[in-house]
Asker: 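Just dropping this structure here.
As the structure is a prediction and not an experimental result, all values here were calculated from the model. The basis for the numbers below is simple: all heavy atoms, side chains too, and nothing from hydrogens, waters or symmetry mates.
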Amino acid sequence: MNIYSINNIKELIKDNPYVGRGIIIGKSNDGKNAVFAYFIMGRSENSRNRVFTFKDNVLYTEPFDASKVEDPSLIIYAAVRDYENKMIVTNGDQTDTIYEGFKAGKCMTGSLRAREFEPDYPNLTPRISGVLEFKDNDFSYQMSILKSADEKGTACNRYSFFYPALPGLGHFIHTYVTDGNPIPTFQGEPERVAIPNDIDSFTNDIWTGLNENNKISLYVRYVNLGTKAVETRLINKNK
């Protein structure tokens, strides 16, 4: 196995029924854009009853049909928000934890010391997070996963990954390996994936690669490192 191989995101996920929630961060192949994507999937009616909405420069998960909401605590949150020269993307309300940590002078890892995996036994879903930090017309990025140390949720293991931004390369972290009961959580380092120049082809590869029954919403952002122009795509299965 070549540890430096780079996967096509569609090929990586297309036969996997349930990768859960996923974050991809990287730089476009031409080196011009900082790129990230966030998607959510769901198996239960409560999880599938969601849409992405973007307001006041923050991306939120919200109920599609408010009358059907059973437990909003783990499915409704701010998923993407900016702080100064940083962009935060996570799969839960730890977005706000990181944001408040930055305001207090902490780093992402330090901010997340106050958090752990989700209390949704028996799955004990990991909390995954990413931060892009911009400087001198370039950026670097980091990723984090907080996951249970055992099947009982006795303790929390904390993993952080720091990356320089290299043209054409991104990293993909997701909550689950595949479907199951309980659902097996993500293992190892974030996976290496190709980041194309075109936002529409990247968006299409992710959306069409995700399992049709379980995918819910996708958000993709390209930020031009020179002009700072922002281009986004947002797809909701529930319309």
Asker: List the atom pairs, with distances to 0.1 Å, where a side-chain N or O of residues 130-138 and a protein N or O form a donor-acceptor pair under 3.5 Å, not counting sequence neighbours.
Answerer:
from, atom 1, to, atom 2, distance (Å)
N137, OD1, K228, NZ, 3.1
D138, OD1, K27, NZ, 2.9

Asker: Which pairs count as ring-ring contact (aromatic ring centres under 6.0 Å, His included) when at least one residue sits in residues 185-208, sequence neighbours excluded?
Answerer: H174-F186
Asker: side-chain contact (heavy atoms from CB on, under 4.5 Å) with R113: which residues, sequence neighbours excluded?
Answerer: R158
Asker: Excluding sequence neighbours, so at least two apart, what forms side-chain contact (heavy atoms from CB on, under 4.5 Å) with I13?
Answerer: I9, F172, L210
Asker: Pairs in or reaching into residues 214-239: which pass ring-ring contact (aromatic ring centres under 6.0 Å, His included), with residues at least two apart or in two chains?
Answerer: F54-Y219
Asker: Taking the ring of H171 and the ring of F161, is the distance between their centroids below 6.0 Å?
Answerer: no
Asker: Indicate, with yes or no, if the rings of Y141 and F36 have centres closer together than 6.0 Å.
Answerer: no
Asker: Please tabulate, for the side chains in residues 100-110, all donor-acceptor contacts under 3.5 angstrom to protein atoms that are two or more places apart in sequence or on a different chain.
Answerer:
from, atom 1, to, atom 2, distance (Å)
T109, OG1, S160, OG, 3.3

Asker: Within the 4.5 Å heavy-atom criterion, are R127 and L112 side-chain neighbours or not?
Answerer: no
Asker: According to side-chain contact (heavy atoms from CB on, under 4.5 Å), who are the partners of K55, at least two apart in sequence or on a separate chain?
Answerer: Y60, E62
Asker: Mind checking who shares a hydrophobic cluster with I6, ILVMFWY linked at side-chain heavy-atom distances under 4.5 Å?
Answerer: L166, L169
Asker: How far does CE of M41 sit from OH of Y176, to the nearest 0.5 angstrom?
Answerer: 11.0 Å
Asker: Who passes side chain to side chain donor-acceptor pair (under 3.5 Å) against D30, sequence neighbours left out?
Answerer: S28
Asker: What residues, two or more places apart in sequence or in another chain, satisfy ring-ring contact (aromatic ring centres under 6.0 Å, His included) together with Y99?
Answerer: Y83
Asker: If only side-chain N and O atoms count, and only distance matters, is there a donor-acceptor pair under 3.5 Å linking R48 with N214?
Answerer: yes
Asker: Test your reading of the model: is there a side-chain donor-acceptor pair from N224 to the backbone of A229, 3.5 Å cut-off?
Answerer: no
Asker: So, using side-chain contact (heavy atoms from CB on, under 4.5 Å) as the criterion, who are the partners of S148 when residues are at least two apart?
Answerer: F117, L124, D150
Asker: Tracing side-chain links under 4.5 Å among I, L, V, M, F, W and Y, which residues wind up in one group with V51?
Answerer: F64
